[in-house]
Amino acid sequence: MNKITIYDTLSGEEKELTPIVPGKIKMYVCGPTIYNLIHIGNARPMIIFDSFRRFLEYSGYEVTMVQNFTDIDDKIINKANSENVSCDEISERYINEFWKDSELLNIRAPNFSPKTTNYVDNIIKFIEELIKKGFAYQSGGDVYFRVRKFDKYGELSHRNIEDMRSGSRIEISDIKEDPLDFALWKNAKEGEPYWESPWGKGRPGWHIECSVMSTELLGKEFDIHAGGNDLIFPHHENERAQSIALHGTNFANYWMHNGMIKVSGDKMSKSIGNIWLVREVIKKYGPDTLKIFVLSKHYRSPIDFNEEGLEAQKKSVDRVQESLLSAEEFFGGNVPFVKHSENYEKEKEYIKNSLSVDFNTPKATAKIFDYSREINKAITDKDEKAVAEYYYLIKNEIGSIFGLFLSTSEKKGNKTDDIMKIVTELRTVLKKNKNYELSDFIRNKLGEIGIEIKDTPTGTEYRIK
RNA sequence: GGCAACGUGGCCAAGGGGUCUAAGGCGGCGGUCUGCAAAAUCGCUAUUCAAGGGUUCAAAUCCCUUCGUUGCCUCCA
């Protein structure tokens with residue numbers, strides 16, 4: 001297996017990936033709170049970590065991936081109240097929609113997709129243990145984590161407790177022993193959903209769910225914990241504190257965090273209201289465009305999102321799709337498999353090596369365009385072997401790692417093809433008779449409805465845009 | 001105020017001590033092909049990597065300072 005390095009937030013450096021169990025990787029990705037349709041800010045970690053997981057599998061690892069749904073939380077309660085429906089109805093609805101968007105993006109489902117509300121018993125037990133160990137205390141109907149008792153607090157987000165106090169934006173509360181303490185269990189207010197617990201009716205705090213579900217599904221110590229970098233503090237810091245306090249293990253050995261998507265300088269966020277829904281973007285630009293747009297930037301850098309950028313990306317993706325389609329037509333439908341040449345293996349190595357250094361997807365995706373050009377050249381040269389080789393480098397190597405270019409040829413319907421054949425023949429006759437006025441008229445009219453005519457030396461072709 | 005990241009061509013974006021007169025994409029310019037067009041293809045489009053110092057035989061890459069941008073410190077992917 002090739003050496004893979006990734007940047008680890010905790011140590012602040014690139015580290016070689018060494019799994020706890022050789023050949024196996026267990027990873028936990030923080031999923032969304034499901035109170036709305038997902039936007040492309042939510043989609044970035046989905047795209048990145050789905051690809052990373054596929055890359056690990058491509059590299060020979062057996063991967064167990066967990067991504068949770070937070071299905072109980074203030075925002076869900078608010079949404080439910082505003083629509084006058086139950087929280088369950090809200091979370092079920094948006095989980096459903098989440099899967100639709102995932103599928104549109106060609107994102108594989110994780111091995112486990114746990115929901116917080118299914119783990120309340122485990123959460124209660126976890127909290128009880130923390131209380132027994134002195135890391136948590138009850139105050140009224142709430143339970144809090146005693147931050148100062150955990151001496152590693154702040155390690156992950158690289159900050160120290162004293163700095164945080166001087167910031168003094170932390171609310172002072174007389175029910176907490178210390179302003180830094182955070183809630184493990186929240187007392188239920190009037191009209192809120194609740195579960196029975198040793199501390200009365202209430203619900204889990206935000207951070208505890210991930211500690212519990214990761215432990216239940218992956219064990220007390222696992223390999224990779226991932227999510228957006230806005231979760232580093234407080235969410236991941238708190239998760240880590242709870243888990244290490246209770247189990248004494250390292251919890252997660254590697255912390256991966258993706259950068260934010262910004263819109264003209266601001267972070268894309270539901271609370272600011274500058275969001276782009278995944279399904280809107282896909283409808284307008286297609287899944288491959290969105291994915292390559294995301295993957296052509298390094299996952300830790302911020303991305304500035306704008307339509308011009310997507311527009312440019314779409315053009316590049318259309319060109320690739322065009323060449324794949326041409327390759328299929330070149331072989332009359334199906335591109336035959338060919339024995340991997342030395343060159344093919346060399347290219348595979350290049351892709352693998354690029355992705356093995358802190359998952360450098362921009363370097364790998366750049367290859368798509370090189371291969372696309374090679375396909376076009378090979379078609380011109382009638383080099384069957386090369387056409388097939390570069391076709392499969394895109395489709396089966398890069399495509400399988402990133403979930404790209406799954407379907408190329410379904411843009412044409414059967415009847416459309418028949419009609420177009422007639423139109424094409426008509427134009428050929430017209431052109432033979434030098435009736436360019438009429439043949440151009442047909443071409444222009446078709447162009448207006450999005451059918452592009454191309455008169456090539458070998459005959460007339462068309463594309464539906 | 002504290003912590004962290006970043007500043008590469010007109011725009012997006014890799015590279016992270018020598019193979020960099022810097023990959024790839026978008027755009028632009030020119031050639032080939034074509035009745036014309038589109039597509040394709042070929043060539044050109046950063047002696048330069050925010051600015052100023054320093055280390056080194058050698059820096060876009062390391063160090064310092066300044067300027068600028070962003071994220072986190074409160075729910076957030």
Side-chain angles (χ1 to χ4, degrees), chain A residues 7 9 12 14 29-33 35 38-49 67 70 73-75 78 154 157-160 162-171 180 206 226-235 237 257-262 265-272 275 292-293 296-298 300-304 306 308-320 322-323 326 354 357-358 360-370 372-373 375-377 379-381 431 434-437 439-440 443-444 447 452-457 460-463:
Chain A
Y7 180 88
T9 307
E14 251 177 50
V29 182
C30 270
T33 302
Y35 67 106
I38 57 169
H39 61 254
I40 59 168
N42 300 308
R44 167 122 99 147
M46 290 165 65
I47 292 168
I48 296 293
F49 297 118
Q67 183 174 40
T70 300
D73 153 280
D74 287 344
K75 290 188 294 292
N78 292 340
S157 52
H158 303 284
R159 58 189 78 197
N160 64 65
E162 304 318 318
D163 289 343
M164 285 160 43
R165 294 206 108 188
S166 66
S168 79
R169 283 168 81 173
I170 301 152
E171 70 197 89
L180 294 171
W206 177 34
N229 68 12
D230 55 346
L231 297 179
I232 296 172
F233 191 90
H235 187 54
E237 190 71 58
H257 294 281
N258 64 274
M260 295 294 104
I261 290 187
K262 301 183 297 168
D266 285 320
K267 175 176 156 186
M268 179 176 298
S269 138
K270 289 171 193 168
S271 35
I272 299 176
I275 60 166
I292 293 182
F293 181 77
S296 62
K297 285 103 189 147
H298 187 85
R300 287 193 284 122
S301 311
I303 296 181
D304 200 62
N306 56 68
E308 297 77 64
L310 271 189
E311 208 74 63
Q313 197 63 260
K314 184 171 192 315
K315 281 183 189 159
S316 69
V317 170
D318 283 348
R319 262 187 46 221
V320 175
E322 179 75 22
S323 66
S326 302
S354 304
V357 181
D358 198 23
N360 191 332
T361 58
K363 206 170 166 186
T365 51
K367 273 290 178 185
I368 295 171
F369 304 101
D370 290 340
S372 171
R373 178 161 292 128
I375 289 174
N376 292 331
K377 274 196 254 182
I379 289 173
T380 311
D381 297 345
K431 285 196 302 177
K434 305 247 187 246
N435 191 342
Y436 296 124
E437 199 184 326
S439 63
D440 287 355
R443 183 171 64 194
N444 291 339
E452 186 181 66
I453 291 293
K454 294 185 289 190
D455 293 328
T456 71
T460 300
E461 290 171 15
Y462 76 95
R463 287 283 182 275

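For the numbers below, each heavy atom of this structure counts, side chains included, while hydrogens, waters and symmetry mates do not. First the proteins, then the strands, lettered A, B, ... as listed; each starts at 1.
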OP1 or OP2 of [N] versus the side-chain N and O atoms of [X]: is any pair under 4.0 Å?
X: Asn42(A); N: rA77(B); value: yes
X: Lys367(A); N: rA14(B); value: no
X: Asn229(A); N: rA4(B); value: no

Between rG35(B), rG24(B), rA14(B), which nucleotide gets closest to the side-chain atoms of Ser301(A)?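 Out of rG35(B), rG24(B), rA14(B), the nucleotide with an atom closest to Ser301(A)'s side chain is rA14(B).
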
Taking [M] as the reference, what is the distance to [N] when you measure between their [atom1] atoms (whole Å, please)?
N: rC67(B); M: rC26(B); atom1: C1'; result: 30 Å
N: rG10(B); M: rU45(B); atom1: C1'; result: 10 Å
N: rG28(B); M: rG9(B); atom1: C1'; result: 12 Å
N: rA37(B); M: rU69(B); atom1: C1'; result: 45 Å
N: rA51(B); M: rG68(B); atom1: C1'; result: 10 Å
N: rU47(B); M: rC11(B); atom1: P; result: 14 Å
N: rU61(B); M: rG54(B); atom1: C1'; result: 15 Å

Mapping Met260(A) and Lys315(A) onto RNA chain B by nearest heavy atom, which one lands closer to the 5' end?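 The residue mapped nearer the 5' terminus is Lys315(A).
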
Position toward the 5' end of RNA chain B (nearest nucleotide), Gly227(A) or Ser316(A):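 By nearest-heavy-atom nucleotide position, the 5'-most residue is Ser316(A).
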
Once hydrogens and angles are ignored, does a donor-acceptor distance under 3.5 Å link the base of rC36(B) to the side chain of Arg443(A)?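 Checked by distance alone, the answer is yes.
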
Give a yes or no on whether a donor-acceptor pair under 3.5 Å exists between the nucleobase atoms of rG16(B), that is its base, and the side chain of Asp358(A).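 No, the side chain and the base share no sub-3.5 Å donor-acceptor pair.
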
[X] has an atom [atom1]; how far is it from atom [atom2] of [N], in whole Å?
X: His158(A); N: rC73(B); atom1: NE2; atom2: P; value: 16 Å
X: Tyr436(A); N: rC36(B); atom1: OH; atom2: P; value: 9 Å
X: Lys297(A); N: rC11(B); atom1: NZ; atom2: P; value: 15 Å

Member of Lys314(A), Glu322(A), Lys315(A) meeting the side chain to side chain contact (heavy atoms under 4.5 Å, CB included) criterion with Asp318(A):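 Only match with Asp318(A) under side chain to side chain contact (heavy atoms under 4.5 Å, CB included): Lys314(A).
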
Spatial distance of atom OG (Ser323(A)) from atom CD1 (Ile379(A)) [nearest 0.5 Å]: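 That separation rounds to 7.0 Å.
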
Distance, nearest 0.5 Å, that separates CG of Asp358(A) from CZ of Arg300(A):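 So the gap between those two atoms works out to 4.5 Å.
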
